[in-house]
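Just below is one structure, and these are the notes that go with it.
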Amino acid sequence: MCSQDYGIKILFRMMKYQTYIFDLDGTLLDSLTDLELSCNYALRVNGMPERTLEEVRMFVGNGVKKLMERAIPHGLQNPLFDKTYEDFRQHYLVHNLDHTHPYAGIEEMLQHLLDANKHIAVVSNKFYAATQDLVRHFFGEKIQVAIGERVNIRKKPAPDTVNEALRLLGVSRENAVYIGDSDVDIMTAKNSGMPCISVLWGFRDKRFLIEHGGETFVEKPSEILDI
């Protein structure tokens with residue numbers, strides 16, 4: 001089959017949904033190493049024990065403030081919480097591109113969606129500036145809307161960021177699907193009145209996702225085009 005025929009086949013496969021709303025960390029980007037390094041930098045300079053990569057993997061998913069609440073001994077009750085969180089924030093804003101990269105097959109999958117005239121957005125609990133910078137750096141014009149954490153909008157699993165993405169795209173939630181890698185994403189989809197596709201290359205395994213309500217799974221990005 002020639003590449004043109006393959007492209008035509010892809011277009012015919014992608015008719016069920018018109019709008020694709022993606023989580024960022026663990027779904028489009030493998031950002032775990034940079035999150036771990038910034039987390040441990042902040043812990044280290046404040047005299048706190050560092051965390052393993054696997055611990056950080058289980059701490060992420062609810063935004064970076066929740067990550068640090070879980071990583072810092074005694075969480076919000078620690079008198080150094082605010083300083084440690086700010087140290088993390090400043091370090092991560094400088095170093096969030098050091099090791100972060102798209103998962104294999106992500107860019108090709110996004111291009112196929114664009115070729116089929118689909119609407120694409122990212123909603124994340126990451127800092128707004130970091131979300132914008134990462135999406136712009138790695139995906140450029142492929143992603144039309146990217147929304148991160150802001151003070152005037154509730155973060156996931158509330159539906160606010162998804163609703164804002166739909167508004168900015170100028171589309172309804174009809175024929176829209178949400179794609180993520182965590183229990184927070186499953187709840188976000190439910191709260192937004194959307195079906196959810198759970199990816200299996202991210203920060204949570206299939207057993208965990210099933211235990212938290214996951215029903216539809218993909219093992220590689222190209223499989224998103226078949227659903």
Side-chain angles (χ1 to χ4, degrees), residues 22-78 80-106 122-127 130-131 134-135 138 148-149 155-157 178-189 196-221 223-224:
F22 289 92
D23 170 56
L24 186 60
D25 295 276
T27 301
L28 298 180
L29 295 180
D30 183 355
S31 55
L32 187 60
T33 296
D34 285 331
L35 288 167
E36 181 228 358
L37 291 173
S38 289
C39 174
N40 282 331
Y41 164 81
L43 294 172
R44 185 168 59 252
V45 299
N46 287 283
M48 300 176 188
E50 297 183 29
R51 297 293 192 163
T52 67
L53 185 68
E54 287 308 305
E55 285 179 312
V56 174
R57 179 190 300 276
M58 296 308 297
F59 292 163
V60 299
N62 296 81
V64 291
K65 188 169 185 178
K66 181 61 72 172
L67 159 63
M68 295 309 294
E69 181 183 340
R70 292 164 173 162
I72 293 171
H74 308 296
L76 294 172
Q77 304 306 313
N78 192 307
L80 289 176
F81 178 85
D82 289 342
K83 179 182 182 302
T84 308
Y85 171 64
E86 185 60 25
D87 287 339
F88 166 87
R89 185 178 182 278
Q90 293 301 323
H91 188 273
Y92 187 70
L93 287 172
V94 173
H95 294 280
N96 60 47
L97 291 174
D98 288 0
H99 303 89
T100 294
H101 58 275
Y103 289 100
I106 289 294
V122 162
V123 295
S124 175
N125 283 340
K126 186 187 289 293
F127 304 128
T131 300
L134 287 166
V135 168
F138 286 111
E149 182 182 25
K155 63 185 181 181
K156 302 183 297 182
Y178 185 95
I179 301 103
D181 73 301
S182 73
D183 54 321
V184 174
D185 295 312
I186 293 168
M187 290 187 290
T188 300
C196 182
I197 299 172
S198 295
V199 308
L200 299 180
W201 55 80
F203 298 161
R204 302 290 186 267
D205 61 25
K206 188 172 184 179
R207 176 181 295 181
F208 179 94
L209 294 170
I210 290 174
E211 290 173 351
H212 289 81
E215 296 179 346
T216 303
F217 306 95
V218 291
E219 295 185 346
K220 53 187 179 180
E223 292 176 3
I224 292 171

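Worth saying up front: this structure is predicted, and the values here are computed from it rather than measured. All heavy atoms count here, side chains included; hydrogens, waters and symmetry mates do not.
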(request) Could you list the residues that satisfy ring-ring contact (aromatic ring centres under 6.0 Å, His included) with Phe88, not counting sequence neighbours? (result) Tyr92
(request) Begin from the C-alpha positions of Arg44 and Glu50 and carry the test salt bridge (Lys or Arg N to Asp or Glu O under 4.0 Å) through to its verdict. (result) CA-CA 6 Å; Arg44 185 168 59 252; Glu50 297 183 29; 3.1 Å; yes
(message) Looking only at the side chains, is there a donor atom on one of Asp34 and His95 sitting less than 3.5 Å from an acceptor on the other?
(response) no
(request) Please round to the nearest 0.5 Å and tell me the distance separating atom CG of Asp98 and atom OG1 of Thr33. (result) 10.5 Å
Mind listing the side-chain donor-acceptor pairs of residues 205-213 below 3.5 Å, one per line with the distance, residues two or more places apart or on another chain?
| unit_1 | atom_1 | unit_2 | atom_2 | d |
| --- | --- | --- | --- | --- |
| Asp205 | OD1 | Arg207 | N | 3.4 |
| Asp205 | OD1 | Phe208 | N | 2.9 |
| His212 | ND1 | Phe208 | O | 2.8 |

(message) Could you tell me if the side chain of Tyr85 sits less than 4.5 Å from the side chain of Val64, heavy atoms only?
(response) yes
(message) With side chain to side chain contact (heavy atoms under 4.5 Å, CB included) as the criterion, how do Asn78 and Thr84 come out once you've worked through the C-alpha distance, each side chain's angles and the decisive distance to 0.1 Å?
(response) CA-CA 10 Å; Asn78 192 307; Thr84 308; 5.9 Å; no
(request) Quick one: closest heavy-atom pair of Phe81 and Ile72, and the distance? (result) CD1-CD1, 3.5 Å
(message) Can you give me the closest heavy-atom contact between Trp201 and Ile224, atom names plus distance?
(response) CH2-CD1, 4.3 Å
(request) Rounded to the nearest 0.5 Å, what's the gap from CE on Met58 to OG1 on Thr52? Could you check? (result) 11.0 Å
(request) Working to the nearest 0.5 Å, report the span between CZ of Phe203 and CG of Asp25. (result) 5.5 Å
(request) Dump the intermediate steps for side chain to side chain contact (heavy atoms under 4.5 Å, CB included) on Phe138 and Thr100, then the final yes or no. (result) CA-CA 10 Å; Phe138 286 111; Thr100 294; 4.0 Å; yes
(request) Find the distance between CG (Asn62) and CG (Leu67) and round it off to the nearest 0.5 Å. (result) 10.0 Å
(message) Going by the rule ring-ring contact (aromatic ring centres under 6.0 Å, His included), which residues pair with His101 if we only count those two or more places apart in sequence or in a different chain?
(response) none
(message) Please find the pair of heavy atoms, one from Glu223 and one from Val218, that lie closest to each other, and give the distance.
(response) OE1-CA, 3.3 Å
(request) Output the distance between atom NZ (Lys126) and atom NZ (Lys155), rounded to the nearest 0.5 Å. (result) 12.5 Å
(message) Could you report the tightest heavy-atom contact between Pro221 and Ile106, atom names first, then the distance?
(response) CG-CD1, 3.7 Å
(message) With no hydrogens and no angle check, just 3.5 Å: does a side-chain donor-acceptor pair link Ser182 and Asp185?
(response) yes
(request) Please report the shortest heavy-atom distance between Val45 and Asp87, naming the atom on each side. (result) CG2-OD2, 3.7 Å
(request) First locate atom CD of Glu149, then atom OG1 of Thr131, and finally report the distance between them rounded to the nearest 0.5 Å. (result) 8.5 Å
(request) Let me see the working for Lys83 and Glu86 under salt bridge (Lys or Arg N to Asp or Glu O under 4.0 Å), right down to the final yes or no. (result) CA-CA 5 Å; Lys83 179 182 182 302; Glu86 185 60 25; over 6 Å; no
(request) Provide the closest heavy-atom pair for Ala130 versus Asn96 in the form atom of the first, atom of the second, distance. (result) CB-ND2, 4.0 Å
(request) Flag the pair Tyr178 / Val123 as yes when at least one side-chain heavy-atom distance between them is below 4.5 Å, and no otherwise. (result) yes
(message) Any salt bridge linking Lys66 with Glu69? Criterion: basic side-chain nitrogen under 4.0 Å from a carboxylate oxygen.
(response) yes
